[in-house]
2 protein chains.
Amino acid sequence: MTKTPLWQAIAESVRRDIADKRYTAGDKLPTEAALSGRFGVNRHTIRRALKALGEEGLVFARRGAGVFIASDVTEYPIGRRVRFHQNLRAAGRSPAKKLLALETRGAAQPEAEALRIDPGAPVVAYFGLSLSDDAPIALVVSAFPAERLPGISDALAQNTSITAALAAAGVDDYTRASTRLTAVAADATQALHLHVVEGAPLLRSQSVNISDIGPVEYGTTWFAGERTALIVEEDPDAQVR
Amino acid sequence: MTKTPLWQAIAESVRRDIADKRYTAGDKLPTEAALSGRFGVNRHTIRRALKALGEEGLVFARRGAGVFIASDVTEYPIGRRVRFHQNLRAAGRSPAKKLLALETRGAAQPEAEALRIDPGAPVVAYFGLSLSDDAPIALVVSAFPAERLPGISDALAQNTSITAALAAAGVDDYTRASTRLTAVAADATQALHLHVVEGAPLLRSQSVNISDIGPVEYGTTWFAGERTALIVEEDPDAQVR
DNA sequence: TAATATTTGTGCGTATGTATT
DNA sequence: GAATACATACGCACAAATATT
C-alpha cells in the first residue's frame with residue numbers, strides 16, 4: 001500500500017469543498033496560514049496543494065490578497081467557451097463593463113495617425129474591462145479625439161457602453177475600418193486583469209471606428225485566449241481566391 | 001519562467017507612454033489613485049513604480065500637487081515591426097508553401113461535424129507550412145472529405161496550392177464559412193516549425209470551406225503571433241452596433 | 001481668509017512568492 | 001517536509017502639502 005502524499009489529500013479535500021459549493025466563484029479561500037492550521041501541516045504543504053489546484057485552473061492567487069476560486073471551469077469546460085464567444089463586431093462591447101480609468105492627454109504618433117489628428121492633440125484615453133459573470137473577458141484601451149468629440153470624457157464616465165457614450169457625444173452612426181488581429185503574450189498587469197498567468201496567449205484586436213466627421217475611436221482589445229474565441233462573419237457570397 | 005514584479009511592468013508601461021509622447025515634459029501624470037485603477041493594483045505598487053521612474057530622473061513628485069514628467073525619453077528600444085501581413089481570406093494560402101505530410105485516415109468527431117460526414121469516414125489530412133523569404137509564417141492542417149472529393153490526395157501531392165488541388169478535384173467554386181479565431185500557446189512541435197519558443201503566442205484560425213457539393217475543407221492555421229497580423233476586411237457599409 | 005477636497009507621503013499589519021538551509 | 005528569511009503586494013489609516021471654492 002503506497003502512502004498518499006499529504007498535499008494530494010489536502011488538494012482533494014479543497015477540491016471537494018469547491019465542488020460542493022462551500023466556496024464559489026470569486027470567493028477567497030482561507031489564507032495559507034489558516035489552512036495550514038486547519039490541516040495541521042506546514043504552509044509549504046498547503047502551497048503544494050494549492051499549486052496543483054491552480055494548474056487545474058480551479059483557483060488563482062493574487063499576491064498580497066489571497067487565493068481565489070476561479071470561474072466555474074470544472075462544471076462547464078466546454079459550455080463556458082461557447083458562452084463567451086465574442087462576435088468581432090461586438091468586440092469589447094459586452095454588456096458588463098468596468099471602467100478602470102479615464103484620462104485626457106496628448107496623442108502619441110500611432111494614435112494621431114489612426115485618428116487623423118496632430119501628434120500631441122488632446123485625446124481621451126479609456127481603460128476598461130469586459131466581464132461576464134465576474135469573469136474577465138477582455139481588456140480595452142481606446143483613444144478618442146477630444147476636439148472632434150466635445151464632452152466625450154463626461155459621456156464615457158456616465159455611460160456603461162462606448163457606443164452609448166459616442167451617441168451622447170453626437171455620434172450615432174459609425175463604421176469599423178479594417179481590423180488588425182495578432183496574438184501576443186500577456187504582460188504582468190494584463191495577466192492580473194484577465195486572471196491568466198504572465199505570458200499566456202492573448203488575442204489582440206486593433207481597429208478604428210469612423211463616422212462622417214472622421215475617425216472617432218482608435219481601440220485596442222486584448223482577449224483572454226483561453227476563454228474566448230472571435231467569430232468572424234464572412235460574406236456568404238464572397239469568393240475565396 | 002521568470003515572473004516580472006508588477007511594479008516593474010507598470011514602470012515599463014509608463015516609461016513607454018513617456019517615450020511615445022503620450023505624456024510630455026511638464027505634464028502631470030494621472031494621480032496615483034487613477035493609475036492604481038487603470039493597472040488594477042494597490043497604490044503602493046504604483047508608488048514603487050513611480051519611485052523607480054523618479055530615480056531614473058524621468059518624473060518628479062510634488063506632495064499635494066501630483067507627479068510630473070521631468071524630461072522626454074528619446075531613445076527607446078523599438079519593438080520588432082510586424083513584417084508580414086496576411087489577409088484573412090488568404091490565410092494559409094501564401095505562394096511559398098511546403099508540403100509536410102499527407103495522410104488518409106478516419107475522420108475525428110470535430111472534423112466529421114464540420115465536414116458533415118460520418119465519424120470514421122475517410123478524410124485526407126494535409127500538413128503544410130507557409131513561408132515568406134524562408135521565414136515560417138503559418139502551420140496549416142486541413143482535412144478533406146475523401147469520398148466527396150475523389151482524387152484529392154493525388155491532387156494535393158501534385159499541386160503547390162490547396163486552391164489548385166481543389167480545382168483539379170473538380171471544385172473551382174467555394175466559399176469560406178465563418179472563421180473562428182483564438183490565441184493559443186505554441187506546443188513543442190509547432191514551436192519547432194514556426195521558429196518560435198515553446199509557449200509563444202499563436203493566432204489560430206479555424207474555418208470550413210463549402211462548395212455546392214457540401215463542405216470540402218476543414219482547415220486550421222496557426223500563425224506566429226510575433227511575425228504576423230491578420231487584417232479582417234469589413235464591409236464598408238456595415239453598421240457597428 | 002477660511003474651509004474643503006485632492007494628492008502625495010508614511011506607517012503598520014497581513015498575505016503570497018521564492019530561495020535557502 | 002520543516003524552518004527561516006526576504007521580496008512583493010494588498011488594505012487601511014492618517015499626516016502633510018497643495019489646489020479649489
Please check this pair: side chain of B:E111 against backbone of B:A108, looking for a donor-acceptor N/O pair closer than 3.5 Å.
yes
Specify the separation, in whole Å, of atom [atom1] of [X] and atom [atom2] of [N].
X	N	atom1	atom2	result
A:L35	C:dT14	CG	P	18 Å
B:I46	C:dT7	CD1	P	15 Å
A:L192	D:dT8	CG	C1'	13 Å
B:R48	D:dG11	CZ	C1'	17 Å
A:L50	C:dA15	CG	P	14 Å
B:L6	D:dA7	CG	C1'	13 Å
A:F60	C:dA15	CZ	C1'	15 Å
B:K28	C:dT6	NZ	P	12 Å

With a 3.5 Å cut-off and no angle check, do the side chains of A:Y174 and A:T163 form a donor-acceptor pair?
yes
Do B:H44 and B:N42 meet the criterion of a side-chain donor-acceptor pair at a distance under 3.5 Å?
no
According to the interplanar angle, ranging from 0 to 90°, do the rings of A:Y126 and A:F144 count as parallel (below 30°), tilted (30 to 60°) or perpendicular (above 60°)?
perpendicular
Output all residues satisfying side chain to side chain contact (heavy atoms under 4.5 Å, CB included) with A:E113, sequence neighbours left out; order by chain, then residue number.
A:Q109
Got a sec, which residues hit side chain to side chain contact (heavy atoms under 4.5 Å, CB included) with A:D187, two or more places apart in sequence or on another chain?
A:T189, A:Q190
Taking only the side-chain heavy atoms of A:N42 (C-beta and beyond), determine which of C:dT8, D:dA2, C:dT16 contains the nearest atom.
D:dA2
Going through the distances and angles, do B:V41 and A:L192 end up as a side-chain contact (heavy atoms from CB on, under 4.5 Å)?
CA-CA 9 Å; B:V41 300; A:L192 191 66; 3.4 Å; yes
Would you say A:T45 places a side-chain N or O within less than 4.0 Å of OP1 or OP2 belonging to D:dA2?
yes
Summarise protein proximity over nucleotides 13-21 of chain D in one line of letters, 5' to 3': B for base, S for sugar-phosphate only, - for none, counting protein heavy atoms closer than 4.0 Å.
B--BBBS--
Which is true for B:R47 with a 4.0 Å heavy-atom rule: it touches a base, it touches only sugar-phosphate, or it touches nothing?
base
